[in-house]
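All residue numbers in this chain count up from 1 along the given sequence.
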Amino acid sequence: MTDLAQWLAAQSVDSKLASVVASMAAASAEIAGVLRMAPVAGQVGLVGHTNVQGEEQKALDVISNDVVLKHLRENPDVSILVSEELEEPVELGTDGAYMIATDPLDGSSNLDVNVTVGTIFAVLNAADGLLQKGRAQLAAGYAAYGPATSLVLTFGQSVAVFTLDSAGDWILTTDNPRIPEASGEFAINTARERFWDAATKGYVAENVAGEHGAAGKRYNMRWVGSMVADIHRILMRGGIFLYPLDSETVSKGGRLRLLYEANPMAMLVEAAGGDATTGREKILDLQPTAIHQRVPVILGSADEVKRVEDWYAKG
Ligand code: AHM
Ligand code: MG
């Protein structure tokens, strides 16, 4: 068995970068423990105010953010934290070389119903400023708090999946999963169909038409409402996830955030052989303009992403 420390030591990356990833892994293991007992501890529900996104914060959003902050404060190699839950970047008072961008608890609308949620993060060079393209990310990962607690990591070459054991150690359980190029599964919130653009409508209509449509095969639809859970399924068995620009989200630029949702997921998906686009541009090539910027997100199996890009190229 290979544990996270052994795996990190075997990667050809700077030991300080590895230590930053280890800090996020430790934070995720602690969050997993908090979530497991949250209903008993009375930590489910809202805290009564909104975050910078204008969304209601849950107690567990705040607690998870605090856990990440605590672990990063213990690591002198991290100097800046950008978090979905914090309006401004936090300077940690070190001269550490690295910056973390994180959504400490993604999918928190699923918390009250005991459905998988996650922590998403990216590691970047602190010296290069807050607004770096996704291609500049040094590492990315997420933890998925489901029936098992998974940690998925990349330094850009391949992806590794770890599982939290009962002793609190991360054990390597799937090395180098590859996202199949072809898939018959798509994930989109179809309740938003009336807001969709022509490309999204066209692509989904082809899928729904199944073997009688232009795609020539039958599709299944899945939508957890937690990006981490939907992406984890796609990583392990293929598929495509779409949160496209639509007429309701257009003024905000999209629904999901570039720095700590789209970019780390795009890096993981590309490292596993998949693709990630807004429909018109690769997500990792976008130049961010603000730390909480939102973007359209379409990622997963390469053949499916290509079909969506082809629809966008038509109009
Ligand atoms: P959050 O960061 O506030 O949890 O929002 C992000 C989540 C994603 O995990 C998920 O894919 C999406 O919002 C679901 O959106 P919708 O409620 O429109 O289906
Ligand atoms: Mg989120």
Any sub-3.5 Å donor-acceptor pair from [X]'s side-chain atoms to [Y]'s backbone N or O?
X	Y	value
T154	A140	no
E206	Y203	no
W170	A25	yes
S28	M24	yes
T102	I120	yes
S83	E85	yes
N125	A127	no
K217	S183	yes
S108	L111	no
N65	L86	no

Identify the two heavy atoms, one from [X] and one from [Y], that lie closest to each other, and give their separation to 0.1 Å.
X	Y	answer
I291	L131	N-CD2, 3.8 Å
I80	P89	CG2-CB, 4.2 Å
Q132	P288	O-CG, 3.2 Å
V117	S226	CA-OG, 4.0 Å
I31	P104	CD1-O, 4.1 Å
V161	L235	CG2-CD2, 4.1 Å

Salt bridge check, [Y] against [X]: does any charged N sit closer than 4.0 Å to a carboxylate O?
X	Y	result
R307	E304	yes
D310	K306	yes
E270	K282	no
E261	R255	no
R233	D230	yes

How about [X] and [Y]: do any of their side-chain heavy atoms sit closer than 4.5 Å?
X	Y	answer
P264	Q137	yes
I231	V152	no
R294	T249	no
D169	L164	no
L153	L4	yes
S301	I240	no

State yes or no: do [X] and [Y] share one hydrophobic cluster built from I, L, V, M, F, W and Y residues joined by side-chain heavy-atom distances below 4.5 Å, directly or via other members?
X	Y	answer
V204	V224	no
I188	L245	no
L242	V297	yes
F186	V305	yes
I283	V228	yes

Answer yes or no: does atom [atom1] of [X] have more than 12 heavy-atom neighbours from other residues, nucleotides or ligands under 6.0 Å?
X	atom1	value
E91	CD	no
E211	CD	yes
K201	NZ	yes
N176	CG	yes
R218	CZ	no

inquiry  = For a side chain to side chain contact (heavy atoms under 4.5 Å, CB included) check, start with the C-alpha distance between T277 and V308, then their side-chain angles and the critical distance, and finish with the verdict.
reply    = CA-CA 9 Å; T277 180; V308 178; 5.6 Å; no
query = Given the rule in the side chain to side chain contact (heavy atoms under 4.5 Å, CB included) test, do I171 and F162 qualify, once you have shown the distances and angles that lead to the verdict?
reply = CA-CA 5 Å; I171 307 300; F162 300 82; 6.0 Å; no
Please report the interatomic distance [atom1]([X]) to [atom2]([Y]), rounded to the nearest 0.5 Å.
X	Y	atom1	atom2	answer
L124	L259	CG	CG	7.5 Å
D77	L92	CG	CG	11.5 Å
F121	I100	CZ	CD1	6.5 Å
E30	H71	CD	NE2	4.0 Å
D106	L256	CG	CG	7.5 Å
E309	I298	CD	CD1	8.0 Å

ask   = L172 and M1: side chain to side chain contact (heavy atoms under 4.5 Å, CB included), yes or no, with the steps?
value = CA-CA 7 Å; L172 180 65; M1 285 207 303; over 6 Å; no
ask   = Can you list the steps and then say if L69 with R73 is a side chain to side chain contact (heavy atoms under 4.5 Å, CB included)?
value = CA-CA 6 Å; L69 199 48; R73 283 194 193 284; 4.0 Å; yes
query = Parallel, tilted or perpendicular for W223 and Y243, by the 30°/60° rule?
reply = tilted
query = Using a distance-only test with no angle check, is there a side-chain donor-acceptor pair under 3.5 angstrom linking T200 and Y312?
reply =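 Yes.
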ask   = Is it true that the side chains of T119 and Y145 contain a donor and an acceptor less than 3.5 Å apart?
value = yes
